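Here is the structure we will look at.
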Protein chains: 2
Amino acid sequence: MDVTARIPHHSPACMKVSQVLSRIGDKWSVLVIMMLRERSHRFSELKRGIDGISQRMLTLTLRNLERDGLVTRTVTPSIPPRVDYELTDLGHSLAEPVQALGAWAIQHLAQLDAARARYDAQGRDLEPGPEMTRTA
Amino acid sequence: MDVTARIPHHSPACMKVSQVLSRIGDKWSVLVIMMLRERSHRFSELKRGIDGISQRMLTLTLRNLERDGLVTRTVTPSIPPRVDYELTDLGHSLAEPVQALGAWAIQHLAQLDAARARYDAQGRDLEPGPEMTRTA
DNA sequence: CGGTATCCTTTGCGATACTG
DNA sequence: CAGTATCGCAAAGGATACCG
């Protein structure tokens, strides 16, 4: 499928993007998906690998991903118990466009920060004349 | 000293994806970007084109996109005033991977919903034995 | 080890009213 | 037309404690 194909803004396509983002657009889901891209990980590995995530949020994030069929949860009832998480085929297919977004992020995040710094710096009590302003 | 440096799964890529998502992963940004993909729009057009968005949130969303250098805001001081919003080059470059995610959404959102329905249906008062469970 | 349960603060966002 | 100001609720998410 041609990824550059035009999607009219009134089409259900935009709504679908929004719905997908409302699922994986939270604070941690993408990090989990990225971390599971290469191989499965157990709970504690994910917890240590994702800096700053709380146990509670890792659990919730994984539950939601499992609910959406993006990851599998495999319980090995040993002592101590072991639980492994792995991307499903669906999860892997999602990881691709997410990775594309990641590539964009790597290339352009600096520009975002620069633009933000510029915007914030200029925003203070400047009183430009009544001419047309073009802010970018 | 960076305490996170020794953690192997901490590639900068993942962090950057997160930062980008924390910017455009809100409820409305992607809708605005998608709507501006083809041509510029004025405020009221965006408001009417994006179903359900409040005036306040459209303003805030546009401000943040402008701050990040993703859209330009062009004021024409006529009466009544006219303000046009347009994607920058940076904004257009972001629209591409977002579009890729949109394509994925079109193809797979139904599977997400189906998986969710399955998960929700099965979740109630099942008491599986101590055997290994594989949930997908 | 891999969770739940509870509490509490922060953030997001809609509704409404007002303005140049 | 294109905002800004204020309010208030609801969801997100962190901290901590407890459990099989």
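Since the model is a prediction, treat every value here as computed from it, not as a measurement. Numbered from 1 within each chain, the chains take letters A, B, ... in sequence-line order. These values consider heavy atoms only, across backbone and side chains, with no hydrogens, waters or symmetry-generated copies.
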Just by modelled atom types, is the B:L90 backbone N or O under 3.5 Å from a matching donor or acceptor in the B:T88 side chain? yes
Base, sugar-phosphate, or nothing: which does A:K47 touch, judged by heavy atoms less than 4.0 Å apart? nothing
Roughly, in whole Å, what's the span from CD1 in B:I50 to P in C:dG14? 12 Å
When you get a sec, tell me which of D:dC1, C:dC13, D:dA2 is the closest nucleotide to the side chain of B:D26? C:dC13
What is the distance from atom OG1 of B:T59 to atom CG of B:N64, rounded to the nearest 0.5 Å? 11.0 Å
B:L46 side chain reached by B:F43 side chain, heavy atoms, under 4.5 Å: no
When you measure only distances, ignoring hydrogens and angles, does the side chain of A:R82 come within 3.5 Å of the base of C:dG2 through a donor and an acceptor? no
Hey, does A:R56 reach any base, or is it just sugar-phosphate, or nothing, if we go heavy atoms under 4.0 Å? base
Does a nitrogen or oxygen in the side chain of A:K27 sit under 4.0 Å from OP1 or OP2 of C:dT11? no
Under a 3.5 Å distance rule, please check whether A:K47 uses its side chain to pair with a backbone N or O of A:I53 as donor and acceptor. yes
Report yes if a side-chain nitrogen or oxygen of B:S54 is closer than 4.0 Å to either non-bridging phosphate oxygen (OP1 or OP2) of C:dA15; otherwise report no. no
Can you figure out which of C:dG2, D:dC1, C:dT4 approaches the side chain of B:R42 most closely? D:dC1
Could you state the atom-to-atom distance from OH of B:Y85 to P of D:dC1 in whole Å? 14 Å
Assign each of A:G52 and A:P81 to its nearest nucleotide of DNA chain D by heavy atoms, then name whichever residue's nucleotide is nearer the 5' end. A:G52
Could you tell me the separation between the CD atom of A:E66 and the P atom of C:dG2, rounded to a whole number of Å? 15 Å
Using whole Å, what does the distance between atom P of nucleotide D:dA12 and atom CG of A:L21 come to? 15 Å
Which of C:dG14, D:dG13, C:dC1 is nearest the side chain of A:M57? It is D:dG13
In whole angstroms, how far is the C1' atom of D:dT4 from the CZ atom of B:R63? 10 Å
May I ask you to decide whether B:R39 forms a salt bridge with B:D84, counting only side-chain N to carboxylate O separations under 4.0 Å? no
Spacing between A:I53 atom CD1 and C:dG2 atom P, to the nearest angstrom: 14 Å
Provide, to the nearest angstrom, the distance between the CH2 atom belonging to A:W28 and the C1' atom belonging to D:dA12. 12 Å
Which nucleotide in the list D:dC1, C:dG2, C:dG14 gets nearest to the side chain of A:R73? C:dG2
Under 4.0 Å between a side-chain N/O of B:R48 and OP1 or OP2 of D:dA2, yes or no? no
Given D:dA2, C:dT4, C:dC1, the nucleotide with the shortest approach to the side chain of A:P80: C:dC1
Nearest-angstrom distance from the residue atom NE2 of B:H41 to P of D:dC1: 16 Å
Side-chain donor or acceptor of A:H108 paired with backbone N/O of B:L94 under 3.5 Å: no
Nearest-neighbour nucleotide for the B:F43 side chain, D:dG14, C:dT4, D:dA2 considered: D:dA2
